[in-house]
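Everything below concerns the one structure shown next.
If you're wondering where the values come from, they're calculated on a predicted model, not measured in any experiment.
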Amino acid sequence: MLTKQTLHIEGLKHCNNANDDSIHLNPDEPLTVIVHGCFASAGQFKTLADVYGLYDQQAICFEYDDRKSLEETSGELVSALNQLSDENPEQPLHIIGHSQGGLVARRALTVDREDEKKVATKQLQLTTVSSPFNGIEISSHCGMTSLRILSLGIVDLICYAVTGEKYQQIPPNADFIEQPGDLLSSVSQHLVIKTDERNTCRRTNDEGICVEDDYVFSVNEQSNQEVDDIVNANPITVQAGHVEIVGSGDSVPTDLIDILKDQKLLIDNGKIDQVEQARLVEQLYFQEESFNQSILK
């Protein structure tokens, strides 16, 4: 039986809401690190991490304060990944970022950072899902210098109150968006999964009527030519809701799992037949929903 190492690295934890910050890893196997989005936490990706476990692979989460500067947060991710690399310099890493987490993950893997930090890992793969690389349209006023001056700083205060320190980094005309930077040469692939979120539903009532849609970002908000056109980029668009694509208690992320398998980012070792795989994955998600509901009662 393989002995797992126990590490304590700030920001990295198993994908749950437990206060335990220790991670237990097999240093001889590739590792997937999941970066959550805004208004989310590591615990929301517990089941996706469990899917990796189902295939005898390992996944952990990077948890952060989603109101902080994206530059600062991505620097924290760089530091965490480098501590992993210090422990296991030959271990391949796959970084998955959902929504805002995709912005954080990609920035962490760029060459010329403001803080001059650089991820040292030699084998990196990046997957971003539903990430607004072209900026968030609704925040456009936060990036308008003239409006900020005319409002005597009130616009700044409002934008900060809503989004936190990152408010000047998410508008379409922000330098963070317009100058995304080149990826490190060690990043062999950037899988850019975009979601066409039109006509999707996050929550229905007892009559089956949609009471909350699953539309957050348009395909245009997710499409940045500077990101899509690099040599190792692989843009894919799927019809799926913003939360649906990564899974919830009401939906199994079949599209995401199939894409990750197709790209060899989730390895099907053939130990379980396809029907049994589907049953076990559904069981994981629906068990998680039952557990969440029991907590709320």
Checklist entry - For S85, which residues count as a side chain to side chain donor-acceptor pair (under 3.5 Å) partner, sequence neighbours excluded? => result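 Once residues adjacent in sequence are excluded, S85 has no partner under the side chain to side chain donor-acceptor pair (under 3.5 Å) criterion.
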
Answer yes or no: does atom [atom1] of [X] have more than 12 heavy-atom neighbours from other residues, nucleotides or ligands under 6.0 Å?
X	atom1	value
Q225	CD	no
D182	CG	no
N199	CG	no

Checking [X] side chain against [Y] main chain: does a donor-acceptor pair fall under 3.5 Å?
X	Y	answer
E226	P180	no
E221	E137	yes
N82	K118	yes
R198	Q239	no
Q58	Y52	no
K4	N26	no
E116	D112	no
K261	K264	no
D214	V243	yes
E207	N205	no

Can you find a pair of side-chain heavy atoms, one from [X] and one from [Y], that are under 4.5 Å apart?
X	Y	value
V246	P253	no
Q189	N234	yes
L81	F62	no
I177	F133	no
I259	V238	yes
T195	Q222	yes

Using every non-hydrogen atom in the two residues, find where [X] and [Y] come nearest and quote the distance to one decimal.
X	Y	answer
A105	V35	CB-CG2, 4.4 Å
P172	E178	O-CG, 3.7 Å
G102	S131	CA-OG, 3.2 Å
L7	L25	CD1-CD1, 4.2 Å
P132	Q100	CD-N, 4.4 Å
E29	D56	OE1-O, 4.0 Å

Do [X] and [Y] have side-chain N/O donor and acceptor atoms under 3.5 Å apart?
X	Y	result
Q169	D175	no
K194	S130	no
R113	S74	yes
S22	T6	no

Checklist entry - When you look at L109 and I95, which way does the side chain to side chain contact (heavy atoms under 4.5 Å, CB included) test go after all the steps? => result CA-CA 9 Å; L109 303 187; I95 317 301; 4.2 Å; yes

In terms of hydrophobic clusters joined by side-chain contacts under 4.5 Å, are [X] and [Y] together?
X	Y	value
Y215	I170	no
V111	L77	yes
V219	I138	no
L31	I267	no

List the atom pairs, donor and acceptor, that lie under 3.5 Å between side-chain atoms in residues 121-128 and the rest of the protein, sequence neighbours left out.
from: K122; atom 1: NZ; to: E90; atom 2: OE2; distance (Å): 3.2
from: T127; atom 1: OG1; to: H94; atom 2: NE2; distance (Å): 2.8
from: T128; atom 1: OG1; to: H190; atom 2: NE2; distance (Å): 2.8

How long is the span from the [atom1] atom in [X] to the [atom2] atom in [Y], to the nearest 0.5 Å?
X	Y	atom1	atom2	answer
I34	K46	CD1	NZ	11.5 Å
L280	L54	CG	CG	5.5 Å
D66	E165	CG	CD	11.5 Å
L184	N232	CG	CG	11.5 Å
D21	I9	CG	CD1	10.5 Å
H98	L48	NE2	CG	10.5 Å

Checklist entry - Pairs in or reaching into residues 18-115: which pass disulfide (SG to SG under 2.5 Å), with residues at least two apart or in two chains? => result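 Sorted pair list: C15-C61.
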
Checklist entry - Which residue pairs pass the disulfide (SG to SG under 2.5 Å) test with at least one member in residues 170-248, sequence neighbours excluded? => result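 Qualifying pairs, neighbours excluded: C201-C210.
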
Checklist entry - Step by step, would you call L70 with R107 a side chain to side chain contact (heavy atoms under 4.5 Å, CB included)? => result CA-CA 8 Å; L70 300 180; R107 183 66 90 176; over 6 Å; no

Item to check | From CA spacing to verdict: salt bridge (charged side-chain N to carboxylate O under 4.0 Å, His left out), K166, E71 | outcome: CA-CA 8 Å; K166 62 178 183 283; E71 287 286 357; over 6 Å; no

Checklist entry - By salt bridge (charged side-chain N to carboxylate O under 4.0 Å, His left out), which residues pair with D65, not counting sequence neighbours? => result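 By the salt bridge (charged side-chain N to carboxylate O under 4.0 Å, His left out) rule, D65 matches no residue at all.
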
Item to check | Chi angles and distances behind the side chain to side chain contact (heavy atoms under 4.5 Å, CB included) call for L191, I236 | outcome: CA-CA 8 Å; L191 176 60; I236 297 174; 3.5 Å; yes

Next on the checklist: Are H36 and Y64, when compared by the centres of their aromatic rings, separated by less than 6.0 Å?
Outcome noted: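 For H36 and Y64, the ring centres are under 6.0 Å apart.
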
Item to check | Partner set under side chain to side chain contact (heavy atoms under 4.5 Å, CB included) for V216, not counting sequence neighbours | outcome: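 Partners of V216 under the side chain to side chain contact (heavy atoms under 4.5 Å, CB included) test: E197, R202, H242.
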
Item to check | Stepwise side chain to side chain contact (heavy atoms under 4.5 Å, CB included) check, I96 with V33 | outcome: CA-CA 6 Å; I96 299 179; V33 179; over 6 Å; no

